[in-house]
Amino acid sequence: MLNRDLKELRIVTCHLGNGCSLAAIRDGYSINTTMGFTPLDGLMMGSRSGAVDPSILLYLIREQGYSAEQLEAILNQESGLFGVSGVSNDLRLVMQAIADGDVRAQLALDMYIERLKQFIGAMIASLGGLDVLIFTAGVGENAPNVRAEACAAFAYMGLQLDLDRNSRPRDQVISSANSSVIVMVIHTQEDWAIARECWQIAMA
Ligand code: AMP
């Protein structure tokens with residue numbers, strides 16, 4: 001889409017769907033990600049906690065008698081936007097609750113965006129700079145407010161969102177012409193990525 005060689009671009013992709021993760025991409029290869037042993041690590045998600053202090057788990061096991069199965073269910077299905085807001089894992093419903101004055105819903109969105117900013121910063125540090133920031137998946141493609149708030153944190157390095165473009169449909173550049181970082185919204189096509197990998201294995 002940019003007509004540029006991947007080798008000259010330092011890219012951070014923000015996959016913000018029900019599951020959320022970032023990737024830092026250099027020379028066309030992912031060199032860092034917010035995911036860990038499983039996708040549970042890193043960003044706060046729809047119903048997954050993202051990174052938490054491991055001491056919380058030890059505390060719940062020792063002091064409250066939680067089992068591994070209970071902790072797994074809490075971390076994967078009852079945390080994140082859903083757990084903090086008490087409303088839903090769906091950002092649309094969380095934003096509706098915020099409009100209705102729900103303070104827990106506001107806290108959930110604030111935490112979600114704060115984590116997003118922190119981890120984008122971590123990815124930029126891994127790359128030693130940033131040329132392109134990409135938003136994708138359900139939230140990344142459809143929530144201009146999340147993109148605007150995340151991007152505002154990087155105004156210090158010359159990143160400038162074009163607010164008009166930010167409200168337009170996906171698959172385009174949404175940064176202003178003089179922004180130091182190109183910001184894009186690109187539709188997630190996981191099915192195509194999987195098909196391409198399978199094709200390469202099949203043809204090997
Ligand atoms: P995905 O996993 O990529 O299908 O993303 C699903 C999530 O995207 C939903 O749970 C919603 O939180 C979010 N989403 C979808 N559409 C919108 C929208 N118009 N505004 C805000 N969030 C949205």
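Both counts, for ligands and for their atoms, begin at 1 and track the order of listing.
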- Query: Tell me, which protein residue and heavy-atom name are nearest atom 11 (C) of ligand 1, and how many Å apart are they?
  - Reply: Asp90 OD1, 3.2 Å
- Glu72 atom CD, neighbour heavy-atom count above 12 within 6.0 Å: no
- Heavy atom of protein closer than 4.0 angstrom to atom 20 (N) of ligand 1: yes
- Task: If you have a sec, work out which protein heavy atom is nearest atom 18 (C) of ligand 1 and how many Å separate them, to one decimal?
- Result: Asn142 CB, 3.3 Å
- Item | Atom indices of ligand 1 within 4.0 angstrom of Ala137 heavy atoms, with elements | 3 (O)
- Message: If you define the side chain from C-beta out and look only at heavy atoms, does anything of Arg48 sit under 4.5 Å from Ser79?
- Response: no
- Message: Show the atoms of ligand 1 that are less than 4.0 angstrom away from any heavy atom in Leu91.
- Response: 11 (C), 12 (O), 22 (N)
- Kindly state each residue pair satisfying side chain to side chain donor-acceptor pair (under 3.5 Å) with at least one member in residues 31-40, sequence neighbours excluded. Asn32-Ser126
- Using heavy-atom distances, let me know which of Gly17, Gly140, Gly138 sits nearest atom 23 (C) of ligand 1. Gly138
- contact_flag Val139 ligand 1 heavy-atom lt 4.0 Å: yes
- Closest heavy-atom pair, Met44 versus Val84, reported as atoms and distance to 0.1 Å, is CE-CG2, 4.1 Å
- Message: For atom 6 (C) of ligand 1, what is the closest protein heavy atom, and at what distance to 0.1 Å?
- Response: Asn18 N, 3.8 Å
Side chains of residues 189-203: which donor-acceptor pairs under 3.5 Å do they make with residues two or more places apart or in other chains?
none

- Evaluate the side-chain proximity of Glu141 to Thr188: yes if any heavy-atom separation is below 4.5 Å, no if none is. yes
- Task: Show the numbers, then the answer: is there a side-chain hydrogen bond (donor to acceptor under 3.5 Å, both in side chains) between Gln160 and Ser176?
- Result: CA-CA 6 Å; Gln160 266 182 23; Ser176 59; 3.0 Å; yes
- Note on the structure: atom 15 (C) of ligand 1 has as its nearest protein heavy atom Arg92 CZ, 3.6 Å
